[in-house]
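A short write-up of the structure that comes next.
Protein chains get the first letters and strands the later ones, always in sequence-line order, with residue 1 at the start of each. Every heavy atom of this structure was used, including side-chain atoms; hydrogens, water molecules and symmetry mates were not.
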Amino acid sequence: MQTNFTAEQLADPHVAESEAILRRCVHCGFCTATCPTYVTLGNELDSPRGRIYLIKDMLENGRAADAQVVKHLDRCLSCLACTTTCPSGVDYMHLIDNARAHVENTYRRPLMDRLIRNVLAFVLPYPSRFRAALKLARIGKPFGPMLAGFAPLKPFAAMLTLAPVTLPQPLPQQSQPLAVAKRGRVAILTGCAQPVLDPRINEATERLLTRLGVEIARPKGEGCCGALVHHMGREEQALNFARRNVDVWTREIEERGLDAIIITASGCGTTIKDYGHMLRLDPSYAEKARRISALAKDITEYLATLDLPPLESRGLTVAYHSACSMQHGQKITLQPKALLRNAGFAVRDPAEGHLCCGSAGTYNILQPEISAQLKARKVKNIEATKANIIATGNIGCMTQIASGTAMPIVHTVELLDWAYGGPKPDKLS
Amino acid sequence: MSLLLVPTREEEAADMIRAAAEAKRSLAISGGNTRSGFGQQVEAQGVLRSAGLSGIVAYDPAEMVLTARAGTPVSEIEEALAENGQMLAFEPMDHRAVMGTVGEPTIGGIFATNTSGPRRFVAGAARDSLLGVRYINGRGEVLRAGGRVMKNVTGLDLVKLLAGSFGTLGFLTEVTFRVLPRPQDQRTIILSGLDDGEAARAMAIAMSLSVEVSGAAHLPESVRGRFLNGNLSDGPATVLRLEGLAASVAVRAQKLVATLQSLAPISQLEAEESRVLWQEIRDVKPYADGTMKPLWRVSVAPTSGFQLVAALRLQAGIDCFYDWQGGLLWMRMESEPEGELVRHVMHQTGGGHATLVRASDDMRATENAFEPLPAAVLALQARVKQQLDPAGIFNPGKMARS
Amino acid sequence: MSDVISFLPPREKVLARRSTIIADLADLLPADCLVHEPRELVPFETDAFVAYRRLPLAVVLPHNTAQVAAVLKYCHRYGVPVVPRGAGTSLCGGAIPQEDAVVIGLSKMSRILEVDFANRTATVQAGVTNLSISDTVGPEGYFYAPDPSSQLACTIGGNIAMNSGGAHCLKYGVTTNNLLGVKMVLMDGTVIDLGGKHLDSAGYDLLGLVCGSEGQLGIVTEATVRLIAKPEGARPVLFGFTSSEEAGACVADVIGAGIIPVAIEFMDKPAIEICEAFAKAGYPLDVEALLIVEVEGSEAEMEAMLSSIVEIARRHGVKTVRESQSATEAALIWKGRKSAFGATGRIADYICMDGTVPLSKLSYVLKRTSEIVEGFGLRVANVFHAGDGNMHPLILFNANDPVEAAKAEAAGNEILKLCVDAGGCLTGEHGVGIEKRDLMLHQYTRAELDQQIRVREAFDSQWLLNPSKVFPLDGRPQTAGAV
């Protein structure tokens with residue numbers, strides 16, 4: 001597509017990058033068809049092509065973001081279905097990242113919007129604050145419907161709805177000795193929200209890997225990957241999270257070596273795999289970040305390299321929900337299902353598997369209406385499979401979908417851990 | 001006695017039309033005049049026939065496209081096609097026997113009346129095969145529409161508009177159409193003893209299979225004996241045609257029989273008899289009875305056909321059979337019920353359109369031969385006609401009773 | 001791009017009433033159905049013919065036929081032009097608006113209203129995507145046959161406007177052959193139904209006229225289409241040739257032998273490389289031309305047909321023959337082909353031609369096409385429906401270089417004229433739009449065009465419907481803003 005930037009504009013590396021991305025787009029419109037917001041709202045402005053055009057217009061004219069543009073950029077889930085669909089290879093992910101940073105730098109949001117975003121950025125990436133907030137939310141839950149009646153407060157209402165009534169407590173960690181010969185050494189991202197909402201996931205991961213002969217490193221100091229704030233356009237905060245994690249893992253690599261950095265939340269995986277790109281302009285981090293990104297692996301990606309033995313059928317049918325960050329962000333589509341089948345589960349693909357469930361980080365809080373429509377659509381498709389269990393690889397999707405169905409939903413690795421000798425996941429009993 | 005004009009050159013025809021337009025002299029348009037009983041009776045001051053514009057202009061079998069002057073006899077076209085192992089996919093009906101006319105049907109007449117046969121429901125109508133035409137509009141201008149390639153969306157598709165316009169919009173002088181390879185083999189699967197409703201269901205099942213049925217008709221007991229010289233097996237016959245390579249026909253027949261055998265006793269016709277049967281269905285043999293008893297041709301959704309007939313039977317004496325998976329009804333009326341009744345019942349059972357193909361002159365004078373149209377569509381049609389034939393000289397009154 | 005193609009000058013009276021018109025539209029429609037803020041109008045300024053752009057006056061996104069009728073009635077009353085828009089995937093600028101026009105987008109009308117398997121029909125709103133019909137009926141063993149390459153995104157309404165074809169229309173025909181009925185709104189707001197679940201219709205074939213009329217006659221809001229039972233099996237086979245001429249001759253011989261595969265697609269070397277890079281479908285990279293031939297039916301039928309085709313291909317020195325071994329592989333082969341245009345965006349900007357030529361002229365036209373494009377110092381990739389002679393030369397250029405852009409457009413025009421002169425036509429399935437509008441007199445005489453214009457006027461005497469498209473601005477009647 002033709003673009004119109006001056007040499008001066010292109011001197012800014014972010015603009016230059018955006019221009020190169022825009023040039024690839026041929027405006028064919030394929031992306032509209034698989035975009036959850038376009039499918040839901042039927043408006044070009046809420047499609048990737050429309051947003052690409054809005055971004056192009058804003059950047060070409062060197063304009064500050066305004067309410068009209070921000071409305072439509074905010075509606076983007078960053079599910080990246082468009083990048084799977086795009087035949088021209090438009091790197092929408094980095095374009096919308098740049099645009100969000102531009103919005104954050106040039107646009108002053110209305111008070112309530114600022115407030116909620118500040119709260120989210122202050123709370124979510126920090127497990128202790130998040131845990132405390134959830135306790136408060138339990139008290140506030142009955143007020144949810146009241147808040148929902150007043151537009152600017154809808155996000156608060158959504159938060160209260162999503163907050164689980166009870167939180168599972170972490171089990172005491174036992175460092176088990178390796179049962180078999182050592183096959184590798186990995187770090188597992190602890191992250192931020194997941195250990196609070198569902199500590200069982202990483203517990204299962206540790207148990208399974210340990211049984212398979214993989215040593216678990218526990219480097220101190222890692223935390224939120226930065227994705228949550230990155231998607232809000234808070235670039236500096238995101239980069240700081242990234243730098244901290246890069247430092248922690250680099251130290252571990254240099255001291256004791258790591259074969260992989262295992263991620264059990266695909267949303268985080270997408271971001272960590274992008275550290276190399278995010279920090280490319282920081283000379284002191286560029287190289288290190290690239291190395292971290294190269295080592296980052298989704299748990300299913302890593303398990304697929306371990307040649308797990310095939311197991312007898314368990315007589316259970318699993319509807320596999322592929323998280324957007326898994327299928328579109330990381331293009332991991334086959335491994336999780338292959339692992340489940342190999343472990344004796346019958347696997348079904350829900351219809352419209354490419355569509356987001358509406359979770360998308362903080363999207364279900366910031367865009368509760370669209371999110372709710374997507375959730376309903378997703379749940380309907382999943383329930384139509386008549387499977388016994390839903391499996392997925394992202395905590396965000398688990399929380400979102402669980403709030404809309406009675407079907408049990410677990411992380412893929414929990415099923416694998418169970419199949420290969422671990423305990424049956426709580427949610428299935 | 002009206003003036004008979006039979007031009008032998010396109011320009012000559014254009015001159016005649018120009019002159020007629022200037023003099024506001026109306027013209028009845030025809031080809032071989034074998035379908036002139038179609039539509040409302042035309043009162044015209046002259047007759048313009050295309051029969052003098054005859055002959056195949058271009059035919060390259062490798063391109064599956066044939067161009068012929070409008071007055072070329074259909075028999076000449078079919079002969080040329082047969083020599084090259086090809087055919088008209090839409091299987092045009094020959095109206096002579098049923099309408100009691102004589103003469104040579106022309107290829108232009110086929111397209112002007114959009115005449116198709118049993119294969120229409122899967123292979124398209126005459127209009128679907130028509131790629132391009134040369135025609136003369138009501139101002140006497142020689143014009144082209146469409147072309148000679150299969151895919152062409154350049155400008156408005158006046159080809160479709162002219163096809164089936166019964167000579168009321170323009171005088172066709174040349175037609176270019178797509179042809180298809182003639183299937184090597186065919187056979188017909190017959191299910192015996194099904195009533196109309198059961199037959200509709202059986203045909204729907206057959207069409208849901210991947211066996212490419214190319215003909216699906218139901219011949220109730222009252223007409224069964226009038227096909228194949230009475231040699232069809234006893235009881236109502238639901239007939240399904242398969243065409244293609246011999247080996248493939250055999251395989252598909254097996255599959256079709258396997259699926260349908262629980263519904264009714266099944267027999268089969270081999271190629272030769274099958275060919276005859278479908279030609280008889282195409283030409284509505286049971287009602288080629290030398291009478292002028294009203295004959296209705298009703299097109300409805302396939303599953304509505306038998307319901308319409310059942311509802312109509314409560315009020316009128318009819319004899320009928322079904323083509324197009326049950327969606328095309330050929331109904332011969334024993335008395336003369338008004339079209340209003342037929343159409344009322346048809347709209348109650350899901351809609352469609354009913355055409356009075358044959359009737360006595362008296363009935364034709366008082367009955368709408370074609371389905372009456374809603375006012376908005378009728379107005380649109382009148383405006384379209386005005387734009388092609390501003391003086392209103394072509395077949396006045398043919399399409400609608402004024 | 002240098003604006004070689006002009007639009008009608010905006011109607012000053014309409015522009016002057018802009019704010020009133022927007023206020024009135026806001027009264028007619030729910031809030032989520034109206035777009036009028038200047039920033040928000042920008043993404044509607046073009047479609048997939050991205051070289052030309054015009055901002056609309058406003059965009060409306062109605063939910064139902066009644067709303068479409070209300071807007072049209074209003075625009076008719078006040079003489080406001082309207083431009084219909086489906087998914088905006090037109091390659092000829094069919095959905096590009098103009099400054100004085102209200103865009104009527106059908107994207108919110110995306111419901112499948114009824115699927116009737118016994119009668120093999122689906123009734124859908126105009127904004128339903130082509131592919132979603134097949135996706136919906138697929139589990140029951142049916143499909144909707146026309147399959148334009150943009151079928152993932154393009155809408156049925158747009159397909160009807162352009163009479164869209166696709167790879168598989170060699171056997172199943174194009175949109176007009178698969179369309180049974182429409183609900184449509186005339187310019188004055190009148191709603192009419194044409195056709196239905198039955199075949200053919202009473203009176204003139206207005207349905208056939210409307211199909212392919214590029215939004216010049218009215219706005220289709222619902223359609224009833226024909227469904228077909230899926231074949232038992234289907235298998236694409238790749239045939240690699242050492243020259244385009246051999247591949248072209250092979251196509252003509254296959255058809256000439258009375259074999260009609262469901263699809264015969266052609267790609268030349270640049271196209272093969274582009275598509276393989278995206279789809280990784282296993283296209284051979286060591287050949288000059290590739291045919292994708294799809295056969296369908298039972299295993300025995302496919303085998304029989306394939307062996308005849310292989311024999312013909314051998315006579316033309318075929319270098320590689322590769323059958324797809326699985327459904328996944330077959331899907332990849334088609335994904336590569338159907339993404340060809342978009343995938344070209346990875347290496348350059350392009351304009352895509354759409355002329356059709358008689359099969360016997362295929363090799364000649366291919367050769368001349370290369371000569372023409374090279375004569376302008378540009379590159380061309382060819383990927384098209386060979387079985388029906390519908391060519392799609394993609395002229396590659398740099399859109400940020402105005403000189404190259406002008407050359408590309410000039411080369412495109414020459415290619416289209418070549419197609420007409422070879423006995424073919426300007427456009428096989430993409431439509432005229434604005435792109436080929438000014439070439440219409442190369443294919444039609446003035447009198448022929450005037451006749452089309454008069455028929456058009458029977459539907460819209462004020463020339464409010466998509467008025468800058470299809471018919472050259474020169475020589476139009478006064479009412480059409482003659483230039």
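For B/A354 against B/V342, the heavy-atom pair with the smallest separation is CB-CG1, 4.1 Å. Between C/S307 and C/A304, the shortest heavy-atom contact is OG-O, 3.0 Å. When all heavy atoms of C/A69 and C/V191 are compared, the pair lying nearest together is CB-CG2, 4.0 Å.
At a 4.5 Å heavy-atom cutoff, the contact between C/F471 and chain B is made by side-chain atoms alone. With a threshold of 4.5 angstrom between heavy atoms, C/H430 approaches chain B through N, CA, C or O but not through any side-chain atom. Proximity to chain B is limited to the side chain of C/I192, based on heavy atoms less than 4.5 angstrom apart. Proximity to chain B (any heavy atom under 4.5 Å) is restricted, for C/N390, to the side chain, taken from C-beta onward. Of the atoms belonging to B/M64, it is side-chain heavy atoms, and not backbone ones, that fall under 4.5 Å from chain C. Using a 4.5 Å cut-off between heavy atoms, B/L378 makes no contact with chain C at all. Neither the backbone nor the side chain of B/R182 has a heavy atom closer than 4.5 Å to any heavy atom of chain C. With a 4.5 angstrom heavy-atom cutoff, C/R226 touches chain B only via side-chain atoms. Interface remark: B/P374 contributes no atoms to any contact with chain C (heavy atom separation under 4.5 Å). Using a 4.5 Å cut-off between heavy atoms, C/M305 does not touch chain B at all. At a 4.5 Å heavy-atom cutoff, C/L449 makes no contact with chain B through either its backbone or its side chain. Residue C/S213 touches chain B through both its backbone and its side chain, counting heavy-atom pairs closer than 4.5 Å. Heavy atoms closer than 4.5 Å to chain C are found in the side chain of B/R178, but not in its backbone. Using a 4.5 Å cut-off between heavy atoms, C/E214 touches chain B through its side chain atoms alone. Residue contact with chain C, scored on non-hydrogen atoms closer than 4.5 Å, involves the side chain of B/A125 exclusively. Both the backbone and the side chain of C/Y204 come within contact range of chain B, with heavy atoms under 4.5 Å apart. Only the backbone of C/V357 comes within less than 4.5 Å of a heavy atom in chain B; its side chain stays farther off. With a 4.5 angstrom heavy-atom cutoff, C/V174 touches chain B only via side-chain atoms. Heavy-atom distances place no part of B/Q86 under 4.5 Å from chain C, backbone and side chain included. Proximity to chain C is limited to the side chain of B/N137, based on heavy atoms less than 4.5 angstrom apart.
Each of C/V470, C/L199, C/V254 has some count of heavy-atom pairs under 4.5 Å with chain B, and the biggest count is that of C/L199. Per-residue heavy-atom pair counts under 4.5 Å with chain B were compared for C/K197, C/H385, C/E448, and the maximum is reached by C/E448. Across C/A257, C/G212, C/S360, the residue that shares the most heavy-atom pairs under 4.5 angstrom with chain B is C/S360. Among C/T445, C/L180, C/D388, the residue with the largest count of heavy-atom pairs under 4.5 Å with chain B is C/D388. Among C/T190, C/L207, C/L206, the residue with the largest count of heavy-atom pairs under 4.5 Å with chain B is C/L206. Chain C forms the most heavy-atom pairs under 4.5 Å with one residue out of B/L373, B/L169, B/V384, and that residue is B/L169. Ranked by non-hydrogen atom pairs under 4.5 Å with chain C, the options B/G155, B/G164, B/G147 are led by B/G155. Ranked by non-hydrogen atom pairs under 4.5 Å with chain B, the options C/Q443, C/R120, C/E232, C/E140 are led by C/R120.
Side chain to side chain, C/Q216 and C/R456 meet the donor-acceptor criterion of an N or O pair below 3.5 Å. The closest side-chain donor-acceptor pair between B/S304 and B/T349, if any, does not fall under 3.5 angstrom. No side-chain N or O of B/Q386 forms a donor-acceptor pair with one of B/R383 less than 3.5 Å apart. Under 3.5 Å, the side chains of C/D354 and C/T427 contain a donor-acceptor pair of N or O atoms.
Contact check on C/D205 versus B/K160 returns no salt bridge, with no Lys/Arg side-chain nitrogen under 4.0 Å from an Asp/Glu carboxylate oxygen. Using a cut-off of 4.0 Å between Lys/Arg side-chain N and Asp/Glu carboxylate O, C/E296 and C/K230 are scored as not salt-bridged. For the pair C/R454 and B/E141, the salt-bridge criterion is met [side-chain N within less than 4.0 Å of a carboxylate O].
Taking the six-membered ring where the residue is Trp, the centroids of B/F90 and B/F177 are separated by 6.0 Å or more.
Within a 6.0 Å radius of NZ in B/K255, more than 12 heavy atoms belonging to other residues, nucleotides or ligands are found. A 6.0 Å sphere centred on CD of B/Q254 holds no more than 12 heavy atoms belonging to other residues, nucleotides or ligands.
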* So B/E91 and B/S116, side-chain hydrogen bond (donor to acceptor under 3.5 Å, both in side chains) or not? Walk me through it. -> CA-CA 6 Å; B/E91 214 176 358; B/S116 315; over 6 Å; no

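Between the B/N152 side chain and the B/T154 main chain, a donor and an acceptor come within less than 3.5 Å of each other. Between the side chain of C/D116 and the backbone N or O of C/N119 there is at least one donor-acceptor pair closer than 3.5 Å.
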